[in-house]
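Since the structure is predicted, the reported quantities are computational estimates derived from the model, not experimental observations. Lettering follows sequence order; numbering is per chain, from 1.
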Protein chains: 2
Amino acid sequence: MSNQAAILSGCESMREILDIQKQLLPDLVDTMKKRYTILHHIMISGLVGRRTLALSVGATERVLRAEVDFLKEQGLIEVEASGMRISGAGKELLERLEPLVKDLFGLAELEERIRSHFGLKQVIIVPGDSDVSPHTKKELGRAGASVLRKLVGENETVAVTGGSTMAEVAYHLAPATPMKGCWFVPARGGLGESVELQANTIASTMAKKAGGRYRLLHVPDHLGEEAYQSLMQDSHIAEIIAFIRGARIVVHGIGEAMVMARRRKVDPETTESLRRDGALAEAFGYYFDRDGNILHKMPTIGLRIEDIHGMDHVIGIAGGKSKGESIASVLKHGHEDVLVTDEAAAWEIVNHLLS
Amino acid sequence: MSNQAAILSGCESMREILDIQKQLLPDLVDTMKKRYTILHHIMISGLVGRRTLALSVGATERVLRAEVDFLKEQGLIEVEASGMRISGAGKELLERLEPLVKDLFGLAELEERIRSHFGLKQVIIVPGDSDVSPHTKKELGRAGASVLRKLVGENETVAVTGGSTMAEVAYHLAPATPMKGCWFVPARGGLGESVELQANTIASTMAKKAGGRYRLLHVPDHLGEEAYQSLMQDSHIAEIIAFIRGARIVVHGIGEAMVMARRRKVDPETTESLRRDGALAEAFGYYFDRDGNILHKMPTIGLRIEDIHGMDHVIGIAGGKSKGESIASVLKHGHEDVLVTDEAAAWEIVNHLLS
DNA sequence: GCTTGATTGGACATTTTTCGTCCCAGTGCT
DNA sequence: AGCACTGGGACGAAAAATGTCCAATCAAGC
């Protein structure tokens, strides 16, 4: 926990700067990490040879040689015929680098830990806590948009859910060539919430931002059985729903079960049943308990859970300390591929999986 | 002056981070500047084409195209068939970049201003004020060492002076291949000062740090005429002095005339004569007035002014607000090639040349 | 003192990236 | 319709990065 405190206490402007720089120089962090790692290894080893070093940092001899030449050029190491060692300037630099690296690597380690534990393809953590800082929520949106932009192929269909986080993602989405022909559709109907947070709105915003097209689904999310059946008769609606179910990518937020139930105006007895069963999280209309089991099955308009399971990319985006547990339960369900979250939630998640 | 205040008030940690990063990624700042310039131009232009833009930022069409592709990839600009314009994310980034750029460009502009006004080859300004921050003085030393390392060729002789700044340069000097065979020599005798700040000490430290060799000159700096003559009879000393005068590079500090006179224990009547003539600065044993004229000519052991004038590289290193005027007068003398100073002194210099 | 196993730095062919230079199909304004 | 722009594709030359050896050298152990 002290580790956590230390990381969270890092200078705020540092993250701001790094974040800005990452946009102008995406591989800045990678390069810095690489060179730091090498320099650090050299310091630890004392006097070490090129091949030995290449082996231990996992680089081919030739590329490491280029790096070593660079470090030598910068005067950070001294290289003699018997090997290389760190120089005074190098040692000083390493010390000054420490806070920076702690930050950079800290998050990277967290990402890897969560990724491997839940068997995800990718985890992205932005610094901060969405609960307390609107800025962090924006970063979350930016990161989410960036992931989506990289994952989406040509002429694909992307299903999205609602929520304030997803709205942020939509806002930060930028055009990319492969996205031109894409369709954005709501994962579900969901007219319960305020307009700007509805899945329909998000889908259309995304399409506009990304230069793609969209189709909407204007039906309430919760329906009685008979209303459901009659709606499905409508060929127009049925066709759109089939279209939605053909999506290969879904981007969704994650919410706290009880908060979502209230916001969606779920009827009292269902709410009570959810509470009894220990509902913790909500995602794409489903409720999950602590262990990732789906609790409540209602007639659903839009994506079914089996559609989700068959997807190419399931991207969950949510942050804030308060949502940590919820995120963990959805991850336990086991069908997520990519998680985008913030530092506070990430720490909650790892704390959760320790207990 | 408000500009100056704004720049000086920039977040301290920002400079620290940038400084660290520059060591691991030397062309980071250049790349950032380049991309910022392009992005900024795009914003100003509104809707602009590739070729037009290439012309206005001074890049060939092909490299600008690569940059544009990158910016598009990052979602910072939107490019249509009719041209490209900045995106929302791009605009936001530019705003967030502003303080960073102000800093980066601010110093760069200062450098260029001083460089062109005095006809120097290169000016390097490190942020801060050596008078108040020891850290800035260290940076000054690091920058000086870096310049020296880049300028020095093989088997060359480098003459150095004494002083605390030069000591810092020596401390930060790191080995470089072409420096292996170099000689470091004191520009003058100068036994007047404390040992660790003497030119002899500096020269030997530099040689040790750089992996080069050194020769020393153990004679007092100020001598009577007859003592001078008798010393020059000594073949040993005469040979070393000839060696020193063969140097093609000199690295020297710059001091305030009166401070130096006192420290060197110049006799009272000479001191008074200096004061009468308006001595302002001291460098490599010579005293300069406000207009860069040499004031005091005494029998000198070591480099003569005509040696300096014939050098390949004359590198002046000094910082601190209090030294601004002195630096300006030495620059006015007109035989400097490279100046390494700090922000506070740089502002003093430009203020000085305005009045 | 000699051998052994490590080191760096040089050399070179190969692959990858970058860059300069055209050209072509559009777009918007006149 | 004409014109002055636009982005993007294509292609070869040039440069940089990289994989793969090898020679000279150093340190240590025997």
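Atom CG of Leu64(A) is separated from atom C1' of dT20(D) by 16 Å (rounded to the nearest Å). Atom CE of Met84(B) is separated from atom C1' of dG28(C) by 17 Å (rounded to the nearest Å). Look at CD1 on Ile77(B): it is 14 Å from P on dT6(D), rounded to the nearest Å. Counting to the nearest Å, the P atom of dA6(C) and the CG atom of Leu53(A) are 15 Å from each other. Per the geometry, CD belonging to Glu78(B) stands 16 Å off C1' belonging to dT6(D), to the nearest Å. In this structure, Leu55(B) atom CG and dA4(D) atom C1' are separated by 15 Å, rounded to whole Å. Residue Leu47(A) contributes atom CG, which lies 9 Å from atom P of dT7(C) at whole-angstrom precision. What separates CZ of Arg50(B) from P of dC22(C) is a distance of 14 Å, to the nearest Å.
Side-chain to base pairing of Arg65(B) with dG20(C): no donor and acceptor N or O lie closer than 3.5 Å to each other.
Side-chain nitrogen and oxygen atoms of Ser82(B) include none within less than 4.0 Å of the OP1 or OP2 phosphate oxygen of dG26(C). For dG20(C), the OP1/OP2 oxygens have a side-chain nitrogen or oxygen of Thr60(B) closer than 4.0 Å. Within the 4.0 Å cut-off from OP1 or OP2 of dG7(D), not a single side-chain nitrogen or oxygen of Lys72(B) is found.
Side-chain proximity of Glu61(A) to dT27(C), dT21(C), dC21(D): nearest is dC21(D). For Val63(B), the side-chain atoms get nearest to dG20(C) when compared with the rest of dT18(D), dT8(C), dG20(C). Listed nucleotides: dG19(D), dG8(D), dA10(D). Nearest to the side chain of Arg51(B): dG8(D).
Proximity of a side-chain donor or acceptor of His40(B) to a complementary backbone N or O of Tyr36(B) within less than 3.5 Å is not detected.
Look at Arg96(B) and Glu139(A) and you find a salt bridge, because one of the NZ, NE, NH1 or NH2 atoms lies within 4.0 Å of a carboxylate O, short of that distance. Glu78(B) has no carboxylate O lying under 4.0 Å from a charged side-chain N of Arg85(B), or vice versa, which leaves the two without a salt bridge.
Here Val68(A) lies out of heavy-atom contact (under 4.0 Å) with every strand.
Side-chain contact between Thr157(B) and Cys182(B): absent, with no pair of heavy atoms (C-beta onward) separated by less than 4.5 Å.
Positionally, the nearest nucleotide of DNA chain D for Gly49(B) lies more toward the 5' end than for the other of Arg62(B) and Gly49(B).
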I'd like to know whether Glu67(A) forms a salt bridge (Lys or Arg N to Asp or Glu O under 4.0 Å) with Arg62(A), so could you lay out the CA-CA distance, the side-chain angles of the two residues, the decisive distance to 0.1 Å, and finally the verdict. CA-CA 9 Å; Glu67(A) 293 301 325; Arg62(A) 196 58 183 77; over 6 Å; no

